[in-house]
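The structure appears right after this line, and notes come after that.
The sequence lines fix the lettering, A, B, ..., with proteins before strands; numbering per chain opens at 1.
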Amino acid sequence: MKTGTLVLAVALLAYPFVLYDHFYWDIGVGLLLAAISASAWNIVGGYAGQVSVGHAMFFGIGAYVPLLVFNLWQLPPIAGAPLAVALSLVLAVVIGLPTFRLRGHYFSMATIAVAELIRIFIGTWDFVGAAIGLQGPAVGRGWWDLTFRSELPYYYIFLVVLAVLLYVTRAVEKSRFGYYLRAIKAGERAARSLGVPVQQTKLKALLLSAVFTSIAGSLYSIKTGFIDPESGFGILISVQMVIVAALGGAGTLYGPLVGALILVPAQTATNTWFGGGGSGLTYILYGGIILVLARFEPGGLHELWQRLAPRLRRTPRAA
Amino acid sequence: MLLEADDVTMAFGSFRAVSGASLALDEGEIIGLIGPNGAGKSTFFNCLAGDMVPTGGRIVFAGADMTRASPEAHARAGIGRTFQVPTTFEDMTILENVMVGAFLRHPRRADAHEHARRIVEMTGLKDQAGQRARTLGTPGRKRLEIARVLATGPRLMLLDEALAGLTPAELQQAIALVRQIHATGVTLVIVEHIMEVIMTLTQRVLVFNQGHVIASGKPDAVVKETAVIEAYLGHGRRKRRP
Amino acid sequence: MTGPAARLAAIATACLAVMGAVPALAADTVKIGILWPLTGNAAAAGQASKAAAEVAADIVNDAHPDLGNLPLAKTAGLPNMGGARLELVFVDHQGSPSVAQQQALRLITQEKVDVLFGAYQSSCSFTATAVAERQGIPFMVGESAAANITGRGFKWVFRGTPIASDYAATYMRFFDDMKKRGKTIGSIAVVNENTDYGTSVADAIEAAAKKNGIPVAIRIPYSASSTDVSAQVLQLKEKQPDVVIFISYTADAILYIKTMRNLEYMPPMVIGDDTGFSDPSFIPAVADIAQGVMNRSAWDIGKPGSATYLINEMYKKKTSRDLDDTSARNMQSFFALADALNRAGAKDPEKIRVALSQTDLKPDQLMMGYEGVKFDSTGQNVLAATYLIQLHGKKYDLVWPDRAAEAQLQWPMKGWK
Amino acid sequence: MWGSKDNAGANAMLLLQVIVGGLLLGAIYALFSSGLTLIWGMMNFINFAHGEFVMLGMYVALLVVTWLAGGPATFGVAAAFALFVLGVVVYLSLVRHVMRGPMLAQILSTFGLALLLRYTAFWIFSANFVSLPQTSLSGTVNLGGILMPVAQLVAGLVAVSLTVALHLLLTRTAVGSRLLAVAEDRNAAMLMGIRPDRMQALAWGLSAASAGIAGALMATAYPWSPSVGETFGLTAFVVVALGGFGSVPGALYAGLIIGLIQALSAYWFGPIYKDIVVYGLFAALLWLRPQGLMGKA
């Protein structure tokens with residue numbers, strides 16, 4: 001276990017030097033961003049089993065506020081990130097309080113609806129750039145603008161955030177909070193009978209998840225230097241988090257990272273190979289892969305691994 | 001007086017599942033609830049556990065009014081329950097299942113772990129502690145449910161058919177376990193169809209039929225009452241097991 | 001758990017390495033990286049523009065002496081570069097700003113393209129041009145509406161197409177002209193789809209109308225995915241403007257015309273702002289009920305035998321549709337880019353950039369109705385202009401300005417009557 | 001011909017026109033949403049590809065019109081039949097295997113299906129917008145001052161009738177009670193000799209067929225491209241959630257209400273606010289009555 005983590009850490013740290021090129025760095029940045037967003041989603045969607053299909057609402061807030069403070073007051077965008085986190089927390093409470101009383105698909109439905117509501121609303125609100133969106137500083141005025149020519153600084157910034165998030169998730173996993181989340185996912189009624197404060201625990205999970213999703217959004221807009229309603233609050237942003245996490249294994253520490261390690265390069269590769277042809281083959285493949293995985297590996301790659309691992313380990317280590 | 005349920009009524013629309021049931025329980029008692037299926041004992045049981053809020057009546061536990069309290073508040077107050085159909089956390093290990101209960105009185109992980117280990121040992125699940133709950137059979141699950149509740153440190157345990165579906169040998173072990181739990185000072189309410197359990201374990205029995213308590217008293221006396229026999233043979237959908 | 005993670009990381013890395021291993025380019029080609037939305041909601045426009053770029057590349061690469069003064073048509077390849085041919089590398093940015101950014105980077109660092117071209121949606125142009133600016137590669141914006149794509153202090157970004165304020169000014173000049181001819185233009189209505197395109201153009205029109213003292217009776221922003229627009233048409237019916245300007249995509253443009261017919265509402269004049277009204281699906285769907293609808297277009301197929309007619313024939317052969325204005329403007333920007341490449345005489349980015357900034361194409365060298373192509377210091381083409389065309393029968397005829405007109409303007413429009 | 005500005009009667013007519021138009025569109029929402037609510041209620045399964053079923057119904061109509069020169073009745077039936085088959089196939093090959101798995105797998109599988117269907121249509125039909133050639137449903141009728149396009153009128157009325165018919169099928173026929181028996185308790189239904197797989201396949205067929213007909217009806221009035229399904233899918237979710245999960249009458253009322261609200265808010269506040277009003281209402285409803293209008297608590 002320990003060695004695996006170490007190998008992963010070294011691989012991620014060394015990656016930019018193995019593939020020393022702007023494009024690969026950019027893919028690395030995209031991969032880390034997907035991993036951060038999906039890991040953040042994983043806290044509430046994976047561990048607690050509350051499947052949000054509207055996490056773009058936190059991502060979008062995280063993405064908009066930094067560029068908004070830049071456009072309004074010429075502040076460095078990163079200064080908006082804490083404000084975005086605060087707003088996301090408020091939103092999480094507003095969403096969580098009513099919907100966590102409900103069971104089943106209501107929470108999913110509510111999150112979709114609220115995210116769409118915000119997307120449409122932002123698209124009509126001139127103050128935040130309406131449909132056209134907001135731009136960041138075209139050229140950095142100093143390092144504090146975090147507008148770098150190279151992708152490399154972003155890569156390591158994102159990597160640090162991912163490391164912190166995984167560390168926090170690991171701590172959650174080991175704590176009472178983490179056990180309670182898993183108990184809620186397994187059965188709310190039983191969890192309550194054992195004294196688990198279900199609503200409060202779910203809300204705490206949503207808050208923690210919202211914080212990191214918001215940070216992911218801030219990282220995205222600062223790096224991209226642009227945000228509009230679709231790339232901030234679009235339903236595809238939410239769905240991507242779900243897919244990445246579910247593919248790798250929702251409710252496991254490294255599941256979302258594994259999902260990102262597979263999905264992001266696959267997306268880029270299919271788009272690179274087939275996108276220019278313009279036949280839509282990219283999405284036919286993408287859709288097909290998701291469908292086949294869901295059909296044959298409903299538990300994600302994590303469970304496939306759990307099945308295969310014993311067989312693979314029959315070699316020396318077994319002794 | 002540990003628990004006092006007074007005139008508890010639970011109506012679903014015009015249908016009264018429980019109609020004015022009362023129960024007074026002293027610390028250290030073991031009592032049984034019996035009656036044919038659909039007699040209202042499970043509903044009454046759910047009211048005691050906080051899973052349902054009764055439409056009428058009052059439930060007081062250790063001096064506090066629990067009538068409208070949530071299930072988790074019941075657990076905190078010291079009322080633990082098992083479920084008729086086991087609801088173990090399938091993807092968590094046996095030990096982790098028990099730890100969820102243990103966390104109630106032991107917020108630190110190390111303490112909860114330590115406490116859960118003791119409980120697992122006491123309930124005879126030590127050998128399977130590292131397995132996922134889904135690998136257990138029915139007897140194992142029932143046992144795990146009891147262990148999980150025990151870990152919350154209850155003063156009162158409500159067992160809902162926790163001993164059904166066991167082989168005679170398993171049943172003897174289970175009865176021994178319940179006795180052991182009782183010996184540690186836990187008060188018990190048992191819903192059970194198996195008369196053997198009721199007769200050997202309980203000190204007092206309440207008989208439910210059609211939402212009413214039709215008889216109560218010592219087990220051997222109660223089973224002889226005509227009303228009880230009628231309820232079982234006349235209206236009951238289930239055969240009496242002597 | 002970490003075991004597979006590490007292993008999969010290795011697989012992913014290998015996967016990436018394969019992707020990069022694209023063979024290097026042949027000696028005498030100039031690579032143009034083109035970013036367009038080939039999937040997603042704007043895919044139709046991206047696909048049409050892709051075909052247009054391919055036709056344009058053919059025209060440059062092969063000798064086409066019949067195409068008049070169009071630069072580089074007569075010769076094969078780029079004469080100043082020893083007949084070097086243009087090689088197009090298309091990518092699909094899927095309408096996502098971050099994919100546009102990433103693919104622009106790939107085109108530059110992996111495909112080693114010499115120039116970039118694209119990107120349709122303003123959102124994608126914003127991010128893709130920023131990459132070009134950082135990497136020092138010239139970027140020609142073929143067609144994107146948002147005003148501030150140029151004017152951000154970028155030196156590597158050029159835009160060949162007219163922008164929203166140009167369109168607005170054209171409409172105002174047209175209204176002036178009409179008033180002189182005794183037509184009543186008491187008020188106008190602006191109906192716009194509410195993404196960056198519709199919003200930019202409608203904002204510009206509203207501002208210009210205010211400046212020119214033409215009251216805007218009502219402005220109706222709406223979502224292009226609307227399935228019912230009767231409420232909007234009824235609002236127009238209530239306000240009775242003399243001219244209604246629609247800034248619409250395809251489905252909504254057709255839906256508006258059909259709904260107006262159904263609700264028997266016809267203002268004296270309807271002007272479509274290109275896009276949806278220029279989509280090849282528009283005419284077959286509503287021609288018989290939209291007679292006299294005007295449309296903005298700098299593109300005119302022209303008389304048989306003319307250069308534009310021949311270009312349209314080539315396009316038609318490829319796609320079996322007529323060339324639309326959006327794709328044609330992209331094509332014109334492409335020609336301007338090719339002209340600059342030729343004048344640069346080398347594949348040096350700085351030389352190309354200087355050549356682009358010195359571009360000075362005259363009207364007779366163009367396929368579009370611009371007054372020329374000449375970039376100001378922000379990279380915007382200052383001579384870009386547009387025609388107004390009108391639906392007569394099953395085709396659009398050029399009706400304004402008078403100097404270019406080939407058919408009589410009908411006012412008021414006939415609609416379905 | 002324009003009516004006079006200060007005529008209150010004309011204003012009332014306009015409002016009436018808006019209301020009727022909204023209700024007719026709402027009827028179509030109701031039809032395709034009733035399909036979604038049916039399987040949601042029966043299997044507690046969210047189908048993210050439902051909007052794509054509507055889209056496919058539209059293309060089936062186009063093919064029937066261009067290849068077979070079929071009229072509205074023909075292409076309506078053809079769309080229903082084709083989508084029924086697709087629904088059954090999707091159930092047997094995909095849904096059956098993931099429905100008892102984790103909820104995430106359900107979401108993923110139908111989301112993947114949605115992408116697959118959308119871009120297969122894209123590949124076959126290209127990204128270009130298409131619309132049906134003029135059919136016998138063209139033209140307008142004047143109903144006491146209210147102008148109604150024939151296509152919209154017929155589509156709306158057919159949609160209401162079919163939604164009601166679906167409800168009657170579920171509540172008044174033997175097949176319907178079997179379907180509901182499976183929804184209620186799969187095992188008990190099996191004991192009664194009902195084969196749940198058949199019934200659930202039938203439900204998927206009916207669900208997809210209702211989307212297919214709705215698509216064919218929409219196609220008479222609305223131009224589309226392969227990406228049109230996304231809008232319909234989201235609308236259907238809101239309708240189902242508003243009406244109550246699993247309730248066909250709920251979907252009918254909710255569809256009509258949403259059509260009406262959209263039309264009125266577009267008329268009063270402007271079209272960009274119509275979705276804000278609908279989603280805002282939906283969010284408010286989640287606070288106040290989370291089980292939906294007709295849902296069970």
Would you compute the distance between atom [atom1] of [X] and atom [atom2] of [Y] and round it to the nearest 0.5 angstrom?
X        : Y        : atom1 : atom2 : value
C/Ser230 : D/Leu147 : OG    : CG    : 11.0 Å
C/Ser226 : D/Gln262 : OG    : CD    : 8.0 Å
D/Asn128 : C/Asp279 : CG    : CG    : 6.5 Å

So which atom in [X] and which in [Y] form the shortest heavy-atom distance, rounded to 0.1 Å?
X        : Y        : result
D/Tyr267 : C/Glu238 : OH-OE2, 2.9 Å
C/Ala231 : D/Ala263 : CB-O, 3.6 Å
C/Gln232 : D/Ala266 : OE1-CB, 4.1 Å
C/Asn194 : D/Ile272 : ND2-CG2, 3.3 Å
C/Thr39  : D/Phe122 : CA-CZ, 4.0 Å
C/Ala285 : D/Ser131 : CB-OG, 3.4 Å

Side-chain heavy atoms of C/Lys258 within contact of D/Pro149, under 4.5 Å | no

Using a 4.5 Å cut-off on heavy atoms from C-beta on, say whether the side chain of C/Thr250 contacts that of D/Pro223.
-> no

Measure distances from [X] to the heavy atoms of chain C and classify the residue's part below 4.5 Å as side chain, backbone, both or neither.
X        : answer
D/Tyr273 : neither
D/Met148 : neither
D/Tyr29  : side chain
D/Leu14  : both

Are there over 12 heavy-atom neighbours, none belonging to [X], within less than 6.0 Å of that residue's [atom1]?
X        : atom1 : value
C/Lys394 : NZ    : yes
C/Lys414 : NZ    : no
C/Trp411 : CH2   : yes

[X] versus chain D, the contacting section by heavy-atom distance below 4.5 Å:
X        : answer
C/Leu38  : backbone
C/Thr259 : neither
C/Arg219 : neither
C/Asp228 : both

Please determine, among [options], the option with the most heavy-atom pairs under 4.5 Å with chain D.
options                      : result
C/Pro284, C/Ala251, C/Ser281 : C/Ala251
C/Ile254, C/Thr227, C/Asn41  : C/Thr227
C/Arg321, C/Arg261, C/Gln47  : C/Arg321

C/Ser225 side-chain N/O to D/Thr231 backbone N/O, donor-acceptor pair under 3.5 Å = no

